[in-house]
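Some notes on the structure that comes next.
Model, not experiment: these values are computed from the prediction.
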Amino acid sequence: MDLYKANEKRYTSMEYRRCGRSGILLPAISLGLWHNFGSVDVFDNYSQIAYTAFDAGITHFDLANNYGPVYGSAEENFGRILKKGLGHYRDEMIISTKAGYDMWPGPYGNWGSRKYLMASLDQSLKRMGVEYVDIFYSHRPDPETPIEETMGALADIVRQGKALYVGISNYSDEQADRALAVLNEYKVPCLIHQARYSMLDRWVEPALLPFLKEKGVGLIAFSPLAQGILSAKYLNGIPEQSRAAKSTGHLQTTMITDEVLNKVRCLNDLALQRGQTLLEMAIAWLLKDPGVTSVLIGASSVVQLNSNLKALQNCSFTQEELVEIENILSR
C-alpha cells in the first residue's frame, strides 16, 4: 500500500485540553493499544484504526511494554505503523508507554526497580523504532521498592532524553503524593496520572481527582466503558464473541450482575433521551469534568472508533440529567 498521508483537516473537530499546569495539550479522546494491536490481531485492521484516529485529531497513542498478546507485540506493531507513514507526523504525536507489570522472567522483569524501568524503556524504544517517548509511566506502585528509586529512575530517564515527560498509573492519592514529592526534588514534574475511571468505577473521585487538580497534574481515564459493560452490548445477555464470554481476561461474567444490568438499562434509557448511545454518554460524562484531561478508548474496528468519537458531539449535561445519573448509580 502507499504510504499513509494524513487528513489535512484533522485538527478541526477534536477538542484539546491542557494537561494539568503543563504546556501539553491532549486530545479529549486518546487511543489506547491495550487490546486489538497484538500479534494475534490483523495488521490491516489495526493500522486503519490508527490512521483513522490520527485523521480525526487523536494525537495521543498510549502503549505499555506488555501490551499484546504476546508481550511487546503492540509496540512492535505500532512501530510497523509508524514506518508505513504515520511516523512522518512524529512531531505531531504524543506516544506514551509504561513499565510496572510482568514483562520477562526473573526478578528484574516486573514492578518498579531502576533496573527494570530503564531496561524496559530501552526495549520499548527499539520495538517502536523511536528515539524517545513523550510520556513514560510507572505503571503501578511497587510496595517493595523505595519510591525514591522508582521516581529517581523516571527523573533520570527524562534527563537522558528517552522521555520528555513522566507519569504514574494506578497510584492512590497517598502514593501519588509521595511520588510527586520525590519528582519535585529532582525538578522533574509529574505530567499525568492514568487511572481507571467510569460511571461504574468512581474510586478516583473522593481523594485522587481533587489531589491532582490541586497539584496541577493531568488525569487520563482508562476503561471508560467498564470493559464494555457501558457499551450496551450486554443489555440482552452475553454475546458469544464478547470479552465477558472469554474464560480469560479482565471482564468476567460474574461482574455483570442483575444489579449492574439494571443500572445500565436505566442509563441506556437516559442516553437515548439525550440523542446518544450509552457508549457516547459514558465517555461524555467523564469529559464533563475539566479535571479529566483525556479519555483513553480502545477500538477493535474503525466503526467502533468512530462510535467513540461521536461522544464529542454532546458533552454537556443539564443539572436534571446529572441528578438522574447519580440516582441511577446509587441504587
Side-chain angles (χ1 to χ4, degrees), residues 16-27 30 59-60 62-65 93-101 108 110-122 124-125 130-197 203-222 289-296:
Y16 297 90
R17 297 183 170 198
R18 188 158 301 281
C19 191
R21 289 194 289 266
S22 76
I24 286 295
L25 297 173
L26 291 182
S30 299
T59 53
H60 180 208
D62 180 78
L63 299 104
N65 55 358
M93 300 165 59
I94 298 289
I95 299 173
S96 61
T97 195
K98 317 176 195 73
Y101 284 93
Y108 317 121
N110 207 340
W111 293 103
S113 71
R114 179 183 182 88
K115 167 76 172 175
Y116 172 47
L117 296 179
M118 290 194 156
S120 178
L121 179 55
D122 284 343
S124 293
L125 296 177
V130 296
E131 295 180 354
Y132 69 94
V133 292
D134 297 277
I135 307 170
F136 183 60
Y137 288 91
S138 167
H139 207 165
R140 62 171 170 174
D142 182 349
E144 302 297 329
T145 299
I147 195 70
E148 291 80 7
E149 178 176 340
T150 301
M151 294 304 115
L154 293 186
D156 283 345
I157 281 167
V158 169
R159 288 169 177 164
Q160 292 170 359
K162 294 177 180 179
L164 301 185
Y165 302 89
V166 295
I168 55 177
S169 182
N170 299 303
Y171 280 58
S172 70
D173 60 300
E174 292 182 356
Q175 292 165 332
D177 193 14
R178 291 173 56 211
L180 265 60
V182 175
L183 286 172
N184 287 337
E185 290 179 7
Y186 287 102
K187 301 189 184 306
V188 176
C190 180
L191 175 75
I192 193 167
H193 187 300
Q194 187 171 130
R196 190 182 65 250
Y197 187 21
W203 74 274
V204 305
E205 291 181 350
L208 181 61
L209 191 53
F211 169 80
L212 296 176
K213 289 178 181 178
E214 176 191 346
K215 297 297 184 179
V217 177
L219 173 74
I220 181 166
F222 72 86
D289 188 336
V292 175
T293 311
S294 185
V295 171
L296 192 58

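Here the closest heavy-atom approach between residue Leu183 and residue Leu154 is recorded as CD2-CB, 4.4 Å. For Tyr171 against Ala179, the heavy-atom pair with the smallest separation is CE2-CB, 4.1 Å. Closest of all the heavy-atom pairs between Ala195 and Val204 is CB-CG1, 3.8 Å. Among all heavy-atom pairs drawn from Gly291 and Leu209, the shortest one is O-CD1, 4.1 Å. In terms of heavy-atom proximity, Leu26 sits nearest to Cys19 at CD1-SG, 4.3 Å. Of all non-hydrogen atoms in Leu296 and Gln194, the two that sit nearest each other are CD2-OE1, 3.5 Å.
For Asp289 and Tyr197, the side-chain atoms include no donor-acceptor pair closer than 3.5 Å. When only modelled atom types and interatomic distance are considered, Thr150 and Ser138 share no side-chain donor-acceptor pair under 3.5 Å. Looking at Asn65 and Ser124, their side chains never bring a donor and an acceptor atom within 3.5 Å of each other.
The CG atom of Leu212 sits 8.0 Å away from atom SG of Cys190, with the distance rounded to the nearest 0.5 Å. Between atom NE2 of residue His60 and atom CG of residue Leu25 there is a gap of 13.0 Å, rounded to the nearest 0.5 Å. Rounded to the nearest 0.5 Å, atoms CD1 (Ile192) and OG (Ser96) are 8.0 Å apart. Here the CZ atom belonging to Arg114 is positioned 13.5 Å from the CD atom belonging to Glu148, to the nearest 0.5 angstrom. Note that CD of Glu174 and CZ of Phe211 are 10.0 Å apart. Values are rounded to the nearest 0.5 Å. Rounding to the nearest 0.5 Å gives a distance of 5.0 Å between CG of Leu191 and CD1 of Ile135.
Checked by atom type and distance alone, the side chain of Arg17 never pairs as donor or acceptor with a backbone atom of Ser294 at under 3.5 Å. At least one donor-acceptor pair closer than 3.5 Å links the side chain of Lys98 to the backbone N or O of Leu63. With hydrogens and angles disregarded, no donor-acceptor distance shorter than 3.5 Å links the side chain of Glu149 to the backbone of Ser113. Side chain of Asp177 to backbone of Asp173: no donor-acceptor contact under 3.5 angstrom is found. A donor-acceptor contact shorter than 3.5 Å is absent between the side chain of Asp134 and the backbone of Leu164. For Arg18 (side chain) and Ser22 (main-chain N/O), a donor-acceptor pair under 3.5 Å exists by modelled atom type.
Side-chain contact between Ile168 and His193 is present, with heavy atoms from C-beta onward closer than 4.5 Å. Looking only at side-chain heavy atoms (C-beta outward), Leu219 and Lys213 stay at 4.5 Å or farther from each other. In this structure the side chain of Thr293 never reaches within 4.5 angstrom of the side chain of Ile220, judged on heavy atoms. Two residues are said to be in side-chain contact when any heavy atoms from C-beta on lie closer than 4.5 Å; Asp62 and Phe222 fail this criterion. Residues Asp122 and Lys162 have side chains in contact (heavy-atom distance under 4.5 Å, counting atoms from C-beta outward).
Within a 6.0 Å radius of CZ in Arg178, other residues, nucleotides and ligands contribute 12 heavy atoms or fewer.
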Checking side chain to side chain contact (heavy atoms under 4.5 Å, CB included) for the pair Thr59/Tyr16: CA distance, chi angles, key distance, verdict? CA-CA 10 Å; Thr59 53; Tyr16 297 90; 4.0 Å; yes

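Residue pairs meeting the ring pair (Phe, Tyr, Trp, His ring centres under 6.0 Å) criterion with at least one partner in residues 132-169, sequence neighbours excluded, are Tyr101-His139.
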